[in-house]
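Every chain is numbered from 1, with letters handed out A, B, ... down the list of sequences.
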There are 2 protein chains.
Amino acid sequence: MTPPDSPAPLSRRERPAKPALSRRAIVDAARTLLAEEGLERVTMRRIAAALDTGAASLYVYVRNAEELHAAVLDELLADVALPGGQGSWRERLVELLMSYTEVLYAHPSLARMAVTTRPSGPHSLHLFETLLGLLREGGVPVRDAAWAADLLVQHATVNAAEAGTRGDTPESEFEDAALVSAVRAAAADGEHPNLAAAGDAVFSGTGVGRLRWSFELLLNGVLATPVPED
Amino acid sequence: MTPPDSPAPLSRRERPAKPALSRRAIVDAARTLLAEEGLERVTMRRIAAALDTGAASLYVYVRNAEELHAAVLDELLADVALPGGQGSWRERLVELLMSYTEVLYAHPSLARMAVTTRPSGPHSLHLFETLLGLLREGGVPVRDAAWAADLLVQHATVNAAEAGTRGDTPESEFEDAALVSAVRAAAADGEHPNLAAAGDAVFSGTGVGRLRWSFELLLNGVLATPVPED
DNA sequence: ACCTGAACACCGTTCAAGT
DNA sequence: ACCTGAACACCGTTCAAGT
């Protein structure tokens with residue numbers, strides 16, 4: 001009676017067999033949901049529903065929603081391209097940071113979270129380790145390198161959070177337009193001469209060009225600015 | 001009959017007279033709620049309750065909750081100390097940024113919002129204008145100054161968002177402790193030699209010292225890194 | 001035009017009770 | 001120990017209906 005191309009009839013249950021609950025299963029379900037619907041829909045209730053259980057059951061394996069989101073981000077960081085052997089330490093460093101930013105660009109809402117909740121998973125730590133190594137290779141003293149690596153990651157993260165926010169939602173165009181017109185109005189009101197002089201330079205630059213410039217700036221700053229004594 | 005220093009007796013109502021709804025009244029109610037309970041409690045429903053109405057009524061005056069939060073932040077920025085005439089442009093610039101950061105420190109959740117939603121209100125624009133002026137005074141070309149001002153504000157904002165997050169909630173100690181122990185464990189596992197070499201330098205530095213260092217670094221970077229041609 | 005109550009479509013987390 | 005349903009205490013936003 002069932003047409004030949006319909007799935008085989010399931011015995012007893014509709015779903016193929018309820019998978020055992022585990023941290024892995026939860027994180028995987030969260031990743032699927034993230035890919036399909038975006039972070040704002042990666043809620044405890046939805047993850048639970050995908051796993052055929054109630055939200056309360058997840059709390060056996062994860063402390064809370066934020067910790068789960070951080071775990072997902074760390075796994076995504078596995079895709080960051082670690083630098084090959086060619087190029088100067090500086091070039092490799094910038095490429096690494098660009099690659100990290102690119103991964104985050106795909107998930108601006110996770111980037112936003114990472115600004116305040118620093119992930120401490122294996123991939124995050126590996127990235128940090130690599131960053132430190134490249135800075136050391138460039139002759140940056142350890143203490144400087146430690147602070148600098150932090151600053152670099154933070155900057156990359158925030159850029160992804162910001163750039164990714166634009167274009168993410170329908171309102172972002174309005175917000176952008178609102179900012180642009182507010183700046184233009186201020187530039188024209190005679191009370192903001194420097195804003196007027198800057199003109200469109202405020203908004204100029206593609207995302208990538210401006211990002212590279214900021215990484216170079218940061219690196220120049222690092223080389224010129226030792227951390228204070230004690 | 002009423003003692004001279006008591007308020008006049010209220011006719012008809014308990015409350016002094018229901019204030020007319022207006023954007024001002026809404027923003028003021030939001031500010032009061034922010035001061036008393038923190039941003040997470042500055043919800044449309046609570047603001048409305050404070051104004052003796054329903055949440056739906058607010059939408060006549062504000063586009064949505066985020067726009068309202070941005071308006072509140074802009075007003076808070078009125079407290080940023082604009083630099084006096086003494087000191088070099090650099091010193092005044094750093095003081096201005098420190099003052100901005102200080103204001104945001106008191107409201108980390110607003111700082112978090114400002115990372116992605118740039119406020120475009122009058123106080124934000126005035127701050128930006130002043131920043132541009134100081135950079136120009138330091139001989140930074142206009143186009144460089146435009147990008148640099150953005151970078152400086154962004155960095156200050158993100159620092160407030162981050163530093164303010166710590167100590168804000170009871171879990172933040174745990175998160176911090178989790179990060180510290182994860183880093184220590186990684187440093188000890190033999191696979192992260194640079195992390196091991198860096199040791200506690202990763203976490204060293206008081207908030208203020210590290211923030212000043214980063215501003216100096218940024219400024220050194222700005223002076224050393226012209227924006228790319230067109 | 002402004003204001004409202006009610007509804008829609010959700011959240012995270014806790015907890016007593018079961019297995 | 002693990003899992004669950006139900007409850008607690010909320011959200012932002014829309015909309016038909018009133019004034």
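With both ends at atom P, the span from C:dA9 to D:dA9 equals 25 Å, rounded to whole Å. Going from the C1' atom of C:dA6 to that of C:dC10 covers 16 Å, rounded to whole Å.
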**Q.** Contact letters for nucleotides 13-19 of chain D, in which S counts primed atoms plus P, OP1 and OP2 and B counts the base, heavy atoms under 4.0 Å
**A.** BBB----
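Contact annotation for A:Ser57: base contact, defined as any heavy-atom pair under 4.0 Å involving a base atom.
The CG atom of B:Leu21 sits 5 Å away from the P atom of C:dC3 (whole-angstrom rounding). In this structure, A:Arg46 places its CZ atom 10 Å from C1' of C:dA9, rounding to the nearest Å. Nucleotide D:dG12 holds its C1' atom 14 Å from the CD atom of A:Glu40, rounded to whole Å. Spacing between atom CZ of B:Arg23 and atom C1' of C:dC2 amounts to 17 Å, rounded to whole angstrom units. A:Ile47 has its CD1 atom 10 Å from the P atom of C:dC11, to the nearest Å. For the pair B:Leu51 CG and C:dG5 P, the interatomic distance rounds to 14 Å; values are reported in whole Å. Rounded to a whole Å, the CG atom of B:Leu39 is 13 Å from the C1' atom of D:dC11.
The backbone N or O of B:Ser120 lies less than 3.5 Å from no partner atom in the side chain of B:Ser124, so there is not a single donor-acceptor pair.
For B:Ser99, there are no side chain to side chain donor-acceptor pair (under 3.5 Å) partners two or more places apart in sequence or in a different chain. Judged as a side chain to side chain contact (heavy atoms under 4.5 Å, CB included), and not counting sequence neighbours, the contacts of A:Ser22 are A:Arg24, A:Ala25. Under the side chain to side chain contact (heavy atoms under 4.5 Å, CB included) criterion, A:Val222 pairs with A:Val140, A:Ala148, B:Leu217, sequence neighbours left out. Legend: residues meeting side chain to side chain contact (heavy atoms under 4.5 Å, CB included) with B:Glu67, ordered by chain and number and at least two apart, are B:Arg23, B:Val62, B:Arg63, B:Asn64. In this structure, the side chain to side chain contact (heavy atoms under 4.5 Å, CB included) partners of A:His69, at least two apart in sequence or on a different chain, are A:Leu39, A:Val42, A:Leu110, A:Met113. Listed by chain and residue number, nothing satisfies the ring-ring contact (aromatic ring centres under 6.0 Å, His included) test with A:Phe128 (two or more places apart in sequence, or in another chain). Taking A:Tyr100 as the reference, nothing meets the ring-ring contact (aromatic ring centres under 6.0 Å, His included) condition, with sequence neighbours excluded.
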**Q.** Canonical and wobble pairing (Watson-Crick, G-U, under 3.5 Å) of DNA chain D, dot-bracket with |
**A.** ||.|||||...|||||.||
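A salt bridge links B:Asp150 with B:Arg118: at least one charged nitrogen is closer than 4.0 Å to a carboxylate oxygen.
Comparing C:dC10, D:dC11, D:dC3 by their nearest atom to the side chain of A:Arg41 picks out C:dC10.
A:Tyr61 has a side-chain polar atom (N or O) that falls below the 4.0 Å cut-off from OP1 or OP2 of D:dC3.
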